[in-house]
Every structure is written in C-alpha cells, then in structure tokens.
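Below is one structure; the comments refer to it alone.
Heavy atoms only: backbone and side chains are in, while hydrogens, waters and symmetry mates are out. Please read all numbers here as calculations on a predicted model, not as lab measurements. Throughout, a chain's letter reflects where its sequence line sits, starting with A, and its residues are numbered from 1.
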2 protein chains.
Amino acid sequence: MPDTLSQTFSALADPTRRAILARLRLGEASVSQLAEPFLGQMTLPGVTKHLKVLERAGLVTKGREAQWRPCTLNAAPLKDAAEWMDEYRVFMEASLDRLGEYLKTVTPPVGESTRTDAPTTPPPPYDDHR
Amino acid sequence: MPDTLSQTFSALADPTRRAILARLRLGEASVSQLAEPFLGQMTLPGVTKHLKVLERAGLVTKGREAQWRPCTLNAAPLKDAAEWMDEYRVFMEASLDRLGEYLKTVTPPVGESTRTDAPTTPPPPYDDHR
DNA sequence: TTAGTATTATACTTATCAGCTAATTAACTA
DNA sequence: TAGTTAATTAGCTGATAAGTATAATACTAA
C-alpha cells in the first residue's frame with residue numbers, strides 16, 4: 001500500500017502511460033481509441049492494464065456509455081507531484097555549479113566528525129519521509 | 001533500457017528515495033549519514049541499493065573521500081520531469097470542472113463514430129510516446 | 001600487522017510488473 | 001435469435017525491484 005505520491009510517480013514512470021495521458025489532454029477517448037496507436041507493439045489487454053494503473057493512481061476516470069468506457073484525464077493527483085518538484089526548482093538551474101560550491105562551504109566535509117573530537121553531528125531533519 | 005524520463009519518475013516513486021533527496025538538498029552527506037534515519041526500518045545495504053537507483057537516474061553523484069562516499073544532489077534530470085508536468089498545470093486547477101465541460105463540447109462523444117456513417121475518426125496525434 | 005569503520009557485493013526470497021493468449025462479459029445490431 | 005463490437009478477466013511467463021543476512025573490500029589508526 002504505497003503512498004499517494006509514490007503511486008503517482010510510479011504511474012508516470014512508463015512511456016505508454018504518459019502517452020495515454022497526453023492523448024487525454026485533447027479530450028476524452030474510449031479504450032480502443034487510446035489503444036490504437038500502440039496496437040503494433042502491444043495488445044489491447046496490455047493497454048487495459050496500463051489504464052488500470054492510471055485509474056488506481058486517480059489520473060484517469062472511466063465512465064460507461066453503452067459498451068464504451070470513455071476515459072477522462074484527472075490531473076488533480078499531479079498537483080502534489082508538481083508541488084514536490086517545485087522544491088527542487090532551485091537546484092535544477094544552471095546556477096547549480098555555483099550553488100554546489102556554496103553548499104560545500106556551508107556543509108562540513110564528510111568524515112570530519114569522526115576524525116575530530118566533535119560529537120557525531122546527526123543529519124539534519126528532513127521533511128519528506130511519508 | 002527505459003528512457004530517461006521513466007527512469008527519473010521511477011526513482012521518485014519511493015518515499016525512502018524522496019527522503020534521501022530531501023536530505024541532500026541541505027548539503028552533501030555520506031551513505032551512513034543518509035541511512036541513519038531509516039536504520040530502524042531498513043538495513044544499510046538496503047539504503048545502498050536505493051542510492052544506486054538514484055545514481056543510475058543521475059539524481060545523486062557519489063564521490064570518494066577516504067572510506068566515505070560523499071553523496072551530492074544533482075537535480076538536473078528533474079528538469080525534464082518538471083517540464084513534462086508543466087504541460088498539465090492547466091488541468092490541475094479547480095477550473096478543471098469548467099474545462100471538462102468545455103472539452104465535451106469540442107470532442108465528439110465516444111461511440112458516435114460507429115453509430116453514424118462518418119468514417120472512424122483516428123485519434124489525434126500525441127507527442128509523448130518516447 | 002591488527003583492529004575498527006564505511007561501504008559494497010553476493011546470494012537469496014518475495015513481490016510486483018509488463019506482456020502475452022485465450023476465454024468471458026456486456027452491450028448493441030441485424 | 002445469432003452475430004458483432006468493446007472491454008475485461010484469468011492464467012501464464014519472464015524480468016525487475018525491495019528487502020534480508022552474510023561476506024568481502026577499502027581505508028584509517030594504533
């Protein structure tokens with residue numbers, strides 16, 4: 001029973017599933033419509049499985065209309081993921097080099113704590129252990 | 001051999017690994033420093049494995065300093081992931097409801113194509129099938 | 001050289017995932 | 001009713017992942 005965020009990232013960790021989401025941005029589509037671009041490389045049950053993963057992650061909602069299951073995009077779960085990523089925006093940029101240098105002056109070099117008489121400094125708190 | 005984006009998302013799909021990244025935002029740390037918060041629930045080799053996943057994804061760089069392996073955050077691979085997410089920003093917001101209604105007026109209802117004489121409309125192109 | 005610390009490697013178990021084929025359900029159509 | 005289309009389920013395989021315990025490696029220090 002993984003947490004929501006893990007489930008979201010896990011669902012995104014597949015190119016087929018990302019392609020399905022990209023397709024759904026253009027509007028709702030049935031299962032076979034979604035499957036059509038992949039049928040050369042994959043069978044329909046395969047696509048159904050991917051859809052189930054997306055459904056479990058809450059990214060896709062399946063309705064019923066006669067024998068069709070119109071699928072719609074639900075991007076709400078992506079919000080948490082996007083917020084998580086935002087925390088790292090600063091570290092993504094080209095300023096990474098200078099930032100890295102700066103951090104080296106702030107963080108004591110690894111191993112110092114065991115080489116000196118100073119007590120082992122416990123690692124700083126972290127906030128993402130869900 | 002999964003694509004880069006899949007590898008990135010896959011690496012993020014684990015709370016332990018996300019916690020490690022969060023810790024590394026504060027500065028470099030050795031393997032045992034990174035492992036310390038988890039040693040109640042996981043062994044050291046377990047953490048080493050998680051680090052290897054992060055390393056393969058290019059999110060963590062391991063150096064050498066005597067018997068220590070100082071780990072540093074490398075957020076560059078997150079850039080692609082963030083860009084991917086940005087495409088969905090519009091769909092995450094509360095305006096989803098109205099947007100959904102709007103899309104329904106644009107996209108023909110599922111099944112219409114087989115009920116009428118119109119040729120089966122092929123699904124629109126998609127751009128994320130990497 | 002010996003002992004101790006930090007880290008990784010190996011080998012194994014268990015669980016999950018991605019894919020397939022074949023069979024099944026559910027709804028429409030003639 | 002029989003046939004067709006849309007989608008799912010079931011059962012199987014092979015690959016990968018997470019976790020363990022134990023052993024090996026790499027370096028420091030006495």
Side-chain angles (χ1 to χ4, degrees), chain A residues 1-3 6-7 9-20 28-36 38-57 60-71 109-117 119-121 123, chain B residues 1-3 6-7 9-20 28-36 38-57 60-71 109-117 120 123:
Chain A
M1 42 177 77
D3 58 294
S6 297
Q7 222 170 347
F9 280 131
S10 183
L12 300 181
D14 183 284
T16 305
R17 289 197 290 264
R18 288 197 304 276
I20 289 174
E28 84 177 11
S30 71
V31 174
S32 28
Q33 278 176 336
L34 290 173
E36 196 267 338
F38 309 110
L39 291 185
Q41 316 123 52
M42 197 179 310
T43 59
L44 193 62
V47 176
T48 297
K49 274 197 179 181
H50 281 301
L51 274 172
K52 186 151 281 182
V53 173
L54 291 169
E55 238 184 321
R56 252 189 306 150
V60 161
T61 310
K62 227 177 284 181
R64 337 191 35 150
E65 192 156 338
Q67 66 251 242
W68 294 274
R69 299 295 126 85
C71 301
V110 174
E112 285 296 349
S113 50
T114 26
R115 278 203 283 265
T116 71
D117 289 323
T120 306
T121 28
Chain B
M1 43 176 75
D3 58 294
S6 297
Q7 220 169 348
F9 280 132
S10 182
L12 299 182
D14 182 284
T16 303
R17 290 198 288 264
R18 288 198 304 276
I20 289 173
E28 84 177 10
S30 71
V31 174
S32 27
Q33 279 176 337
L34 289 173
E36 195 267 337
F38 308 110
L39 292 186
Q41 316 123 52
M42 198 180 305
T43 59
L44 193 62
V47 176
T48 297
K49 274 198 177 179
H50 280 301
L51 274 172
K52 185 152 282 179
V53 173
L54 291 169
E55 237 184 322
R56 251 189 307 150
V60 161
T61 310
K62 225 177 284 184
R64 338 192 30 150
E65 192 156 337
Q67 66 252 244
W68 292 274
R69 300 295 126 85
C71 301
V110 173
E112 284 296 349
S113 50
T114 25
R115 277 203 283 265
T116 72
D117 287 322
T120 306

CD on B/Glu65 to CD on B/Glu28, rounded to 0.5 Å:
7.0 Å
Check: B/Leu12 main-chain N/O paired with B/Arg18 side-chain donor or acceptor under 3.5 Å
yes
How close or far is atom C1' of D/dT28 from atom CD of B/Glu65, stated in whole angstroms?
13 Å
Is there side-chain contact between A/Phe38 and A/His50, with heavy atoms separated by less than 4.5 Å?
no
Look at B/Lys52 and C/dA9 and indicate whether a side-chain polar atom (N or O) is within less than 4.0 Å of OP1 or OP2.
yes
Separation of B/Leu54 atom CG from D/dA17 atom C1', in whole Å?
14 Å
Can you tell me how far the CE atom of B/Met42 sits from the OG1 atom of B/Thr16, to the nearest 0.5 Å?
3.5 Å
Counting only side-chain N and O atoms of A/Ser30, is one of them less than 4.0 Å from OP1 or OP2 of D/dA6?
no
About how many Å separate CD of B/Glu55 and SG of B/Cys71, when rounded to the nearest 0.5 Å?
7.0 Å
Do A/Arg17 side-chain atoms and A/Ala11 backbone N/O form a donor-acceptor pair below 3.5 Å?
yes
Can you name the one residue among A/Ile20, A/Asp14, A/Leu34 that meets side chain to side chain contact (heavy atoms under 4.5 Å, CB included) with A/Leu54?
A/Ile20
Per-nucleotide protein contact along nucleotides 13-20 of chain C, 5' to 3', at a 4.0 Å heavy-atom cut-off (B base, S sugar-phosphate only, - neither), is -----SBS
In this structure, how many angstroms lie between the P atom of D/dT28 and the CZ atom of B/Arg69, rounded?
10 Å
Could you give the CG-to-C1' distance, from B/Leu51 to C/dA6, as a whole number of Å?
13 Å
Heavy-atom closest contact (B/Ser30 atom, B/Trp68 atom, distance):
CB-CD1, 4.0 Å
Provide, to the nearest angstrom, the distance between the CD atom belonging to B/Gln33 and the C1' atom belonging to C/dA6.
11 Å
Rounded to the nearest Å, what distance is computed from the CZ atom of residue B/Phe38 to the C1' atom of nucleotide D/dT20?
18 Å
Compare side-chain N and O positions of B/Arg64 against OP1 and OP2 of D/dC27 and report whether any pair is under 4.0 Å apart.
yes
Nearest-Å distance, CD (B/Gln67) to P (D/dA26)?
13 Å
Under 3.5 Å, which N/O atoms of the protein pair with N/O atoms of nucleotides 1-3 of chain C?
none

Please list, chain by chain and in numerical order, all residues satisfying side-chain contact (heavy atoms from CB on, under 4.5 Å) with B/Lys49, sequence neighbours excluded.
none
What is the separation between atom CD on B/Glu36 and atom P on C/dT5, rounded to the nearest whole Å?
16 Å
Is any side-chain nitrogen or oxygen of B/Lys62 closer than 4.0 Å to OP1 or OP2 of C/dT8?
yes
